[in-house]
Student: 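Okay, here's the structure, questions in a sec.
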Amino acid sequence: MKLYSLTAAAKINLYLEIIGNRPDDFHELVMIMQSVSLADRLTLRALRAPTVQLRCDHPQVPTDESNLVCKAVALLSKEFPEQVNQQGGVEITIEKHIPVGAGLAGGSANAAAALVGLNLLWGLGLTQIELLLLGAKLGSDVPFCILGGTAIATGRGETLDPIQNENLLYAVLAKYESLSVSTPWVYQTYRQQFGDTYVPVTDATTLAERQQRVHSGPMVSAIAAQNSAAMGQHLCNDLEKVVLPAHPQVAQLKETMASSGGLGTLMSGSGPTVFTLTETQAAAEALLEQVRSRIPNPDLKLWVTQFTHTGIRLDG
Ligand code: ATP
């Protein structure tokens, strides 16, 4: 029986700016996304019987049709019914390492791995562009999770421009295990609090205004110039304005991390994970130990990760 094992990388946001509302009710965003080495492992095994079985032993991850992996299976079955019907079923096992509801796109990474793996298992012959387009139907972060590396993400996050980045920095990630933040809640609250500053995203006349609002240029230049110090200085995430006041514990964590060294500190995505960039593994490990000693709370989980070029890696 055919078996594929894939590694699905988490992402952090080096930059996240909210530009305005879109006609489809999503936010118009400008983000710079970066894959990191913290990853889930998915194993896909062909079954003779035409059933889909999902296994995951993480208590916060559903194993019913609400799991993004099941949604990926359903999407491929709907789009390619003849090819999929000729195959048997599939057993998918998720070995979860990426914390859930963390702003690290764990669910999206799993959906990305499922699309890539099922394409191979079922011999669908889809190109990367076709996989990216299918991924966008499952979630805004799924295309980036397939592509991996470093990229500017615009639109609702699904339109990607890769950035060449050979500067594989380290990122110390920190998250209180018992605290998860709902992504829809963060965006809704941001709209309630800051919606009057949005640029309307309706027609060409507002395009120039929207472009003037984008401030990601210095970060893109810093990455292109491999200027680690400038990357640290230009970290930016608009969603901090909602999450940090609502969760003082996260604000405190950010302050502690920022004052423990490193190039710069930021909350990732909709949080509540906070990260600090460093240039070396030794500096990352020292920073992790310092944060652990300054916040001796067993609920605080810390990881040393490194930037990676790959979103989904086929292991066998
Ligand atoms: P993002 O950064 O894309 O907003 P996140 O890291 O904040 O995502 P996820 O870990 O992807 O959040 O999980 C959000 C919710 O999605 C969870 O509460 C969980 O119920 C649901 N979910 C569905 N499928 C998965 C999956 N494969 N892994 C984790 N969570 C999943």
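Note: hydrogens, waters and symmetry copies are ignored here, and every other heavy atom, side chains too, is used. The first residue of the sequence shown is numbered 1, and numbering continues consecutively from there. All of these numbers come straight from a predicted model, not from anything done at the bench. Just so you know, ligand 1 is whichever comes first in the structure, and atom 1 is the first atom listed for that ligand.
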Student: Return the CD to CZ distance between Glu28 and Arg156, rounded to the nearest 0.5 Å.
Tutor: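 That separation rounds to 11.0 Å.
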
Student: Can you sort out which atoms of ligand 1 are near Asn110, meaning under 4.0 Å from one of its heavy atoms?
Tutor: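 Checking each atom against Asn110, I get 26 (C), 27 (N), 28 (N).
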
Student: Please determine whether a side-chain nitrogen of the Lys or Arg among Asp315 and Arg41 lies less than 4.0 Å from a carboxylate oxygen of the Asp or Glu.
Tutor: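 Answer for the salt bridge query: yes.
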
Student: State the atoms of ligand 1, each with its element, that fall below the 4.0 Å cut-off from a heavy-atom position in Ser66.
Tutor: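 Per the distance check, 23 (C).
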
Student: Heavy atom to atom 30 (N) of ligand 1, shortest distance: which of Leu54, Val186, Ile98, Val100 holds it?
Tutor: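 Nearest option to atom 30 (N) of ligand 1, by heavy atoms: Val100.
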
Student: With no hydrogens and no angle check, just 3.5 Å: does a side-chain donor-acceptor pair link Thr150 and Gln34?
Tutor: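 Indeed, the side chains of Thr150 and Gln34 share at least one donor-acceptor pair under 3.5 Å.
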
Student: Hey, is Thr183 touching ligand 1 through its side chain, its backbone, both or neither, going by heavy atoms under 4.0 Å?
Tutor: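 Just the side chain.
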
Student: Of the backbone atoms (N, CA, C, O) and the side-chain heavy atoms from C-beta on, which set of His58 has a member under 4.0 Å from an atom of ligand 1: side chain, backbone, both, or neither?
Tutor: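 His58 to ligand 1: no contact under 4.0 Å from either part.
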
Student: Any non-hydrogen atom of Ala102 lying under 4.0 Å from ligand 1?
Tutor: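 For ligand 1, residue contact (heavy atoms, under 4.0 Å) with Ala102 is present.
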
Student: Does Lys241 make a cation-pi contact with Phe194 (under 6.0 Å, within 45 degrees of the axis)?
Tutor: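 So Lys241 does make the cation-pi contact.
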
Student: Look up atom 3 (O) of ligand 1 and tell me if a protein heavy atom lies less than 4.0 Å from it?
Tutor: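 Neighbour list for atom 3 (O) of ligand 1 includes protein heavy atoms (cut-off 4.0 Å).
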
Student: Is there a heavy atom in Lys96 that sits closer than 4.0 Å to ligand 1?
Tutor: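 Contact present.
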
Student: Pull out every atom of ligand 1 sitting under 4.0 Å from any heavy atom of Gly106, numbered as shown with elements.
Tutor: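 Answer for ligand 1: 6 (O), 11 (O).
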
Student: Is it the side chain (CB and beyond), the backbone, both or neither of Ser270 that lies under 4.0 Å from ligand 1, heavy atoms counted?
Tutor: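 It is the side chain that touches ligand 1; the backbone stays farther off.
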
